[in-house]
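Reviewing the structure listed below.
Index from 1, following the sequence.
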Amino acid sequence: APPTYSWCSPYRYQRIAELLAGLDRPSPEDFQRMQMDCRSLQADRLVPKILSFSYSDPDALTAAQILARWDRTMTVDSTGAAVFHLFLSELMELLLEDELGAHLHQYHQASFISYSVEDVILDHLDSPLWDRTDTPRRESPSEILETALSRTVQRLNGLCGRDRDKWRWGKLHTIIHHHSGATGWFSRLLLDRGPYPIGGDNSTVNAMGFNRVNGGFQVVSYPSIRIIM
């Protein structure tokens, strides 16, 4: 078989190993808590790198301050989680839209559970991806990051309003329970349930995956059953 250059990120495995290492005599309740764990090791990896740069734009500073205070868990009521994922969405568009154009959605489709550009780009500050090909000047990583942070706040103002107390991950990250018997719009209206706010993301142990291809964060991949024996 030909080699592949796409693989799942290591965050869930690393978090499970971390949680198991802290259990002396595991109980069913321990494993229940583990299955529902929403700590983001992706955020643990990326947020300090994002905050290592200096920003002057007021909106960018607002987003950076929220990330600095965030506990890096993907809970329903987390403001930091909402900022983090909208920031990553804006960053990927700034990095790749000028190269991929209309094909950017295909990249999102193929990489939504993969270890992707967003996971490694902050370790490659000399990458040509930081430079926008549609401008005559050469942009720096700090400029691109500042623009992404600023756009994040502007998008949150539009999606959730200007009251930052209402900026919540569960406002953006929702799930619809689709009934297997719902085959048309009317039966879906009667039988489907949701949308409901939900925590987790693509890389947490509590895996509630979404795909940015549609420009949103609605869950498209999640556990069909949970079992503890």
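- To the nearest 0.5 Å, atom CG of residue Leu46 and atom CD1 of residue Ile121 are 11.5 Å apart.
- A 4.5 Å side-chain heavy-atom check between Met74 and Asn206 finds every atom pair outside the cut-off.
- Distance check: Asp37 CG to Thr73 OG1 gives 9.0 Å after rounding to the nearest 0.5 Å.
- The backbone N or O of Asn157 sits nowhere less than 3.5 Å from a side-chain atom of Arg162 that would complete a donor-acceptor pair.
- Hydrophobic clustering (side-chain heavy atoms under 4.5 Å, transitive across Ile, Leu, Val, Met, Phe, Trp, Tyr) keeps Ile16 apart from Leu41.
- In this structure, His177 and Tyr196 have tilted ring planes: the angle between them lies in the 30° to 60° band.
- Residues Asp30 and Ser27 have side chains in contact (heavy-atom distance under 4.5 Å, counting atoms from C-beta outward).
- Across Trp169 and Gly200, no two heavy atoms sit closer than the pair NE1-O, 3.0 Å.
- One finds a salt bridge joining Arg137 and Glu143 here, because a Lys/Arg side-chain nitrogen approaches an Asp/Glu carboxylate oxygen to under 4.0 Å.
- By the rule that hydrophobic residues join a cluster once side-chain heavy atoms approach within less than 4.5 Å of another member, Leu88 and Met208 end up as members of separate clusters.
- Panel note: side chain Ser52, backbone Lys49; a donor-acceptor pair is recorded below 3.5 Å.
- In this structure, Asp98 and Thr133 approach most closely via the heavy-atom pair OD2-N, 2.7 Å.
- Taking the six-membered ring where tryptophan is involved, the planes of Trp70 and Phe84 are tilted, since the angle between them lies from 30° to 60°.
- The closest donor-acceptor contact from the side chain of Thr204 to the backbone of Cys38 lies at 3.5 Å or more, if one exists at all.
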Take Trp167 and Leu159 through the side-chain contact (heavy atoms from CB on, under 4.5 Å) test and state the conclusion after the steps.
CA-CA 9 Å; Trp167 293 3; Leu159 291 168; over 6 Å; no
Determine, step by step, whether His178 and Asp192 satisfy the side-chain hydrogen bond (donor to acceptor under 3.5 Å, both in side chains) criterion, reporting the C-alpha distance in whole Å, the side-chain angles of both residues, the deciding distance to 0.1 Å, and the verdict.
CA-CA 5 Å; His178 296 284; Asp192 287 355; 3.3 Å; yes
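- Taking 4.0 Å as the cut-off between side-chain N and carboxylate O, Arg45 and Asp123 count as a salt-bridged pair.
- Scanning both residues, Leu129 and Val117, for their nearest heavy atoms gives CD1-CG1, 4.2 Å.
- Applying the salt bridge (Lys or Arg N to Asp or Glu O under 4.0 Å) test to pairs two or more places apart or on separate chains, those with a residue in residues 50-75 are Asp44-Arg72.
- One side chain, Thr135 or Glu139, offers a donor N or O that lies under 3.5 Å from an acceptor on the other.
- If you take OG on Ser203 and CG on Asp119, they are separated by 8.0 Å, rounding to the nearest 0.5 Å.
- Side-chain contact, His85 with Asp201: a donor N or O sits under 3.5 Å from an acceptor N or O.
- Leu122 and Leu51 fall within the same hydrophobic cluster, defined by Ile, Leu, Val, Met, Phe, Trp and Tyr side-chain heavy atoms under 4.5 Å apart, directly or through other members.
- Ile198 places a side-chain heavy atom less than 4.5 Å from the side chain of Val219.
- Judged purely by distance below 3.5 Å, without hydrogens or angles, the side chains of Tyr11 and Asn202 never pair a donor atom with an acceptor atom.
- At a cut-off of 3.5 Å, with distance as the only test, no side-chain donor of Glu146 or Ser150 sits close to an acceptor on the other residue.
- Looking only at side-chain heavy atoms (C-beta outward), Arg168 and Val76 stay at 4.5 Å or farther from each other.
- When side chains are defined from C-beta on, Leu94 does not count as touching Trp130, because their heavy atoms never get closer than 4.5 Å.
- For the pair Ser89/Arg155, a side-chain contact is recorded, criterion being any heavy-atom separation below 4.5 Å from C-beta on.
- Arg164 contributes atom CZ, which lies 8.0 Å from atom CD of Gln65 (distance to the nearest 0.5 angstrom).
- Atom CG of Leu86 and atom CZ of Arg151 lie 12.5 Å apart (nearest 0.5 Å).
- Counting only distance, with no hydrogens or angles, the side chain of Ser127 and the backbone of His124 share no donor-acceptor pair below 3.5 Å.
- Of the charged side-chain nitrogens involved, at least one lies within less than 4.0 Å of a carboxylate oxygen, so that Asp134 and Arg132 count as a salt-bridged pair.
- Rounding to the nearest 0.5 angstrom, the gap separating the OG atom in Ser9 from the CD atom in Glu118 is 9.0 Å.
- Nearest heavy atom pair, residue Leu156 against residue Ala82, reads CD2-CB, 4.3 Å.
- Dense packing is recorded around CZ of Arg226, with more than 12 heavy atoms of other residues, nucleotides or ligands lying under 6.0 Å away.
- No side-chain heavy atom of Phe210 sits less than 4.5 Å from a side-chain heavy atom of Gln218.
- Using a 4.5 Å heavy-atom cutoff, the side chains of Thr147 and Glu90 are not in contact.
- Criterion: ILVMFWY side-chain heavy atoms under 4.5 Å apart, direct or through other members. Under it, Tyr222 and Val205 are not part of a common hydrophobic cluster.
- Taking every heavy atom of both residues into account, Met34 and Leu23 meet most closely at CE-CD1, 3.9 Å.
- Residues Tyr13 and Leu20 are members of separate hydrophobic clusters, defined by side-chain heavy-atom contacts under 4.5 angstrom among Ile, Leu, Val, Met, Phe, Trp and Tyr.
- Heavy-atom minimum distance, Phe31 versus Pro26: CE1-CB, 3.5 Å.
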